[in-house]
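First up is the structure itself, then whatever we jot down about it.
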Amino acid sequence: MSDCMSYSVSNGNELHPVQNLRDLGVTVSSDLSWSLHIANAVSKARSKAFWILSVFKTRERSVMITLYKSLVRSLLEYCCPLWNPSKITDIQLVESVQRTFTNRIAGLQGTDYWDRLKALKMMSLQRRRERFLSSCLQNPDVE
């Protein structure tokens with residue numbers, strides 16, 4: 001970043017450019033890329049998923065899906081309309097968490113990801129984001 005640009009706020013404090021900024025739990029880079037935020041969200045979600053798999057011995061579908069939806073998926077979907085990934089690598093990175101977790105559920109190990117989702121009556125994370133965004137665009141809040 002160049003030092004030629006400086007901004008002052010009303011009390012005289014100077015603001016300096018930064019590479020990344022985190023606000024309300026969402027990280028955006030100076031080039032308006034969401035890749036760092038996505039990497040951080042995936043890291044937190046993976047960590048939570050592995051914690052679940054190490055703490056809970058059961059791999060029963062209902063238990064695992066409840067834990068996944070409440071503790072893992074929520075991390076991957078926080079503010080997703082804002083940072084919705086467009087790069088294939090980012091989409092695959094986010095999806096990899098669900099792909100790995102669903103492969104650990106009893107009776108579904110080794111089956112195709114799309115077959116696992118169908119058996120669990122779940123959608124891919126990308127599809128969930130697309131549906132949410134389209135519903136937001138069709139029914140904007142009236143103020």
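In what follows, residues are counted from 1 in the order of the sequence shown.
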Verify, without hydrogens or angle tests, whether [X] (side chain) and [Y] (backbone) share a donor-acceptor contact under 3.5 angstrom.
{"X": "Arg116", "Y": "Arg99", "value": "yes"}
{"X": "Ser47", "Y": "Ser43", "value": "no"}
{"X": "Glu95", "Y": "Leu125", "value": "yes"}
{"X": "Gln98", "Y": "Met123", "value": "yes"}
{"X": "Thr100", "Y": "Val97", "value": "no"}

Say whether [X] and [Y] are linked into one hydrophobic cluster, either directly or through other cluster members, by side-chain heavy-atom distances under 4.5 angstrom.
{"X": "Leu82", "Y": "Val42", "answer": "yes"}
{"X": "Tyr78", "Y": "Phe132", "answer": "no"}
{"X": "Val28", "Y": "Leu93", "answer": "yes"}
{"X": "Leu75", "Y": "Met64", "answer": "no"}
{"X": "Val94", "Y": "Leu36", "answer": "no"}

Would you compute the distance between atom [atom1] of [X] and atom [atom2] of [Y] and round it to the nearest 0.5 angstrom?
{"X": "Trp34", "Y": "Cys79", "atom1": "CH2", "atom2": "SG", "value": "9.0 Å"}
{"X": "Glu130", "Y": "Cys80", "atom1": "CD", "atom2": "SG", "value": "11.0 Å"}
{"X": "Arg73", "Y": "Ile65", "atom1": "CZ", "atom2": "CD1", "value": "8.5 Å"}
{"X": "Thr111", "Y": "Lys118", "atom1": "OG1", "atom2": "NZ", "value": "12.0 Å"}
{"X": "Arg104", "Y": "Phe56", "atom1": "CZ", "atom2": "CZ", "value": "16.0 Å"}
{"X": "Arg61", "Y": "Lys121", "atom1": "CZ", "atom2": "NZ", "value": "9.0 Å"}

(request) Kindly write out the residues that satisfy salt bridge (charged side-chain N to carboxylate O under 4.0 Å, His left out) with Glu60, not counting sequence neighbours, or none if the list is empty. (result) none
(request) Apply ring pair (Phe, Tyr, Trp, His ring centres under 6.0 Å) to Trp83 and list each qualifying residue two or more places apart in sequence or on a separate chain. (result) His37
(message) If the test is side chain to side chain contact (heavy atoms under 4.5 Å, CB included), which one of Asp115, Asn103, Leu120 qualifies with Leu108?
(response) Leu120
(request) Start with the C-alpha gap between Asn40 and Arg22, add the side-chain angles, then the distance that decides, and say whether side chain to side chain contact (heavy atoms under 4.5 Å, CB included) holds. (result) CA-CA 11 Å; Asn40 289 339; Arg22 184 168 181 230; over 6 Å; no
(request) Could you go through the side chain to side chain contact (heavy atoms under 4.5 Å, CB included) check for Leu53 and Arg59 one step at a time? (result) CA-CA 8 Å; Leu53 294 168; Arg59 295 294 182 261; 3.7 Å; yes
(request) Report yes if some heavy atom in the side chain of Ile91 is under 4.5 Å from a heavy atom in the side chain of Pro85; otherwise report no. (result) yes
(message) Is the shortest side-chain heavy-atom distance between Val9 and Glu14 below 4.5 Å?
(response) no
(message) Walk me through whether Asn84 and Gln126 qualify under side chain to side chain contact (heavy atoms under 4.5 Å, CB included).
(response) CA-CA 9 Å; Asn84 186 29; Gln126 177 65 18; 4.3 Å; yes
Who pairs with [X] by side-chain hydrogen bond (donor to acceptor under 3.5 Å, both in side chains), at least two apart in sequence or on another chain?
{"X": "Asn20", "result": "none"}
{"X": "Ser74", "result": "none"}
{"X": "Arg128", "result": "Glu77"}

(message) Using side chain to side chain contact (heavy atoms under 4.5 Å, CB included), reason through Leu71 and Ile52 one step at a time and then give a plain yes or no.
(response) CA-CA 9 Å; Leu71 299 175; Ile52 290 168; 4.0 Å; yes
(message) Please tell me whether Ser8 and Asn13 have a donor and an acceptor in their side chains that are separated by less than 3.5 angstrom.
(response) no
(request) Say whether Ser96 and Arg46, considering side chains only, have a donor N or O and an acceptor N or O under 3.5 Å apart. (result) yes
(request) Could you name each residue pair satisfying ring pair (Phe, Tyr, Trp, His ring centres under 6.0 Å) that touches residues 92-114, not counting sequence neighbours? (result) Tyr68-Phe101
(request) Determine the minimum heavy-atom distance between Ser124 and Leu117, stating which atoms define it. (result) N-CD1, 3.7 Å
(message) Is it true that, when you exclude Ile88 itself, more than 12 heavy atoms of the residues, nucleotides or ligands shown sit nearer than 6.0 Å to its CD1?
(response) no
